[in-house]
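Remarks on the structure that follows.
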There are 2 protein chains.
Amino acid sequence: MGHSDHLDEYGDAYGAIAEINDEQRWAFGSSFEDPLAGVDVSVPSGVDGDDLAAYCLMLGDDALILSHRLQGWVSWAPELEDDVAIANIALDLLGQARLLLARAGKADGSGRDEDAYAYFRPASEFRNVALVELENGDFGHALARLLVFSTYRLGLLDQLRTSRDPVLAAIAAKGVKEVTYHRDYAARWMLRLGDGTDESHRRAAGGLAAVWPYVPELFVPHPIELRLADAGVGVDPSTLRAEFDSVVEQVLSAATLEFPPEPATSASTPDAVSAPGEGRDGRHTESLTGILDELQGLARAHREATW
Amino acid sequence: MGHSDHLDEYGDAYGAIAEINDEQRWAFGSSFEDPLAGVDVSVPSGVDGDDLAAYCLMLGDDALILSHRLQGWVSWAPELEDDVAIANIALDLLGQARLLLARAGKADGSGRDEDAYAYFRPASEFRNVALVELENGDFGHALARLLVFSTYRLGLLDQLRTSRDPVLAAIAAKGVKEVTYHRDYAARWMLRLGDGTDESHRRAAGGLAAVWPYVPELFVPHPIELRLADAGVGVDPSTLRAEFDSVVEQVLSAATLEFPPEPATSASTPDAVSAPGEGRDGRHTESLTGILDELQGLARAHREATW
């Protein structure tokens with residue numbers, strides 16, 4: 001890195017600290033530019049551009065909405081270190097969302113940029129799964145959701161690294177590094193909670209029980225996912241379930257937590273939310289409306305961003 | 001960096017993206033550790049440890065409280081890029097706060113860690129200036145505050161790099177790199193707003209007018225600051241004012257904004273807040289109480305962090 005020579009004399013902690021953020025300045029340096037500037041964004045042969053765009057929105061909206069939910073935790077976490085960690089995770093996911101939404105705009109020929117997708121779509125055009133839009137609960141809920149989501153997404157991104165779409169492959173390669181840390185963070189907290197006090201164990205188990213009904217939706221393949229998997233561009237999520245169960249089971253076992261029972265049908269979902277499994281087609285709970293009111297408020301109030 | 005070879009083939013944007021976050025993993029890697037682990041934290045000769053601790057709280061609390069206010073903007077910014085940028089700035093400041101609060105605990109011999117300072121102090125023991133605790137206003141207000149604060153803090157940290165306290169010097173060296181970007185970001189937005197539409201100009205001018213009464217407090221030296229400046233450890237902030245005015249004037253001039261009039265006395269402060277100038281001694285507005293309710297809620301509810 002070169003710039004940290006001066007700091008290294010203060011020991012490893014400073015060496016590590018000095019590395020932080022020095023390479024993350026694209027947000028500033030790029031000065032309101034397209035995050036895919038300079039990248040070849042042509043649609044791979046044999047792939048429908050609208051399919052590819054919809055697929056990017058599925059993966060991008062998952063990241064965008066969970067990023068928003070995690071941001072709601074920043075400054076509320078039990079330790080400053082967790083504020084930092086959760087804010088970093090939220091930022092990683094926001095970065096993934098920007099790239100995926102930008103890629104969507106290049107794939108469907110609409111010319112929309114990531115802001116157009118984030119700020120000017122109604123809820124019915126968001127393609128995220130229900131898991132990410134659930135209201136924030138307690139810290140046990142937040143960590144259980146993060147464990148489940150990160151385990152699913154890491155398996156998905158790992159496969160996507162060999163996508164025939166070089167843009168998706170590059171986004172996935174970057175994302176694998178990030179989500180590996182997210183999963184590790186969530187797993188270590190689940191261990192700490194599950195194997196802690198009676199109260200912490202109860203919170204972790206409660207969080208897990210609350211998010212578990214939303215797990216099946218992650219692995220139900222959408223027709224678009226299947227078409228793109230056939231074309232070597234996307235991933236059939238049903239192929240990811242076995243590894244997901246294996247990883248989650250290892251974490252829960254070490255945390256002395258029970259593997260929750262699979263919901264028999266969507267009827268087991270709490271009444272307050274719609275049945276899971278429909279998010280990829282734009283059917284969402286009221287919770288998403290609340291998120292979009294916040295996320296889209298300023299941009300919509302000043303549609304042209306003229307002030 | 002080495003790890004981005006695979007991505008570089010996709011162009012510069014991916015090269016830049018791939019660098020993000022890869023080196024910022026101390027939050028995860030350190031696993032609930034002291035951020036100053038391995039650093040020599042002995043108090044320099046001729047310096048009172050309680051003075052040094054109080055000084056670190058002044059600088060740390062400024063960063064902690066503004067970080068919280070900026071987090072309130074994430075997901076509300078007009079573009080996704082600004083969400084990313086503001087979240088990064090908030091994270092930088094939170095990182096500075098952790099180090100400074102940790103350093104305070106090593107200086108006063110109390111053995112308190114950064115969490116003890118952040119979560120278990122009453123408002124009357126916080127030493128931040130009033131500027132950082134002001135309620136969030138509109139985006140013009142947020143950027144005006146950031147411009148003013150970053151310009152002040154960059155001047156301060158630049159001087160602190162030669163502090164006789166090697167811990168403060170290292171924190172400052174890291175901080176200078178970060179705050180240089182914060183100031184640049186704020187300045188570019190002030191240009192965009194000030195030199196934009198009538199409405200954006202009005203917003204920028206309004207934000208500047210709202211924060212300007214809180215500028216003098218930044219430069220009023222506290223007796224502790226003067227003692228530490230004499231000892232070669234701290235900085236007399238009154239020596240920073242001329243450069244501050246020069247930098248702000250350059251930005252405002254380019255942004256076609258007027259330099260606000262200096263408030264004649266603290267009587268010009270809006271009635272709803274206390275007079276500025278007393279924050280370093282723990283006198284704060286009601287706004288700080290609201291921030292601490294959020295920041296300290298979970299940690300206080302579970303004092304031992306046992307769940």
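Side-chain atoms are counted along with the backbone in the values below, which use heavy atoms only and exclude waters and symmetry mates. In this text, all values refer to a predicted model and were calculated from it rather than measured experimentally.
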Would the distance check show the side chain of B:Asp83 and the main-chain N or O of A:Leu94 forming a donor-acceptor pair, the cut-off being under 3.5 Å? no

Hits for side-chain hydrogen bond (donor to acceptor under 3.5 Å, both in side chains) against A:Arg183, two or more places apart or cross-chain, chain-then-number order -> none

Enter the distance from A:Glu81:CD to B:Arg98:CZ here, rounded to the nearest 0.5 Å. 4.5 Å

When the 4.5 angstrom heavy-atom criterion is applied to B:Ala87 and chain A, the contacting part is both

About how many Å separate CD of A:Glu79 and CG of B:Asp115, when rounded to the nearest 0.5 Å? 5.0 Å

Gap separating the CD atom of A:Gln71 from the CD1 atom of B:Ile86, nearest 0.5 angstrom: 10.5 Å

For A:Thr180, check side-chain hydrogen bond (donor to acceptor under 3.5 Å, both in side chains) against everything at least two apart and list the hits. none

Side chain, backbone, both or neither: which part of B:Ile291 has an atom under 4.5 Å from a heavy atom of chain A? neither

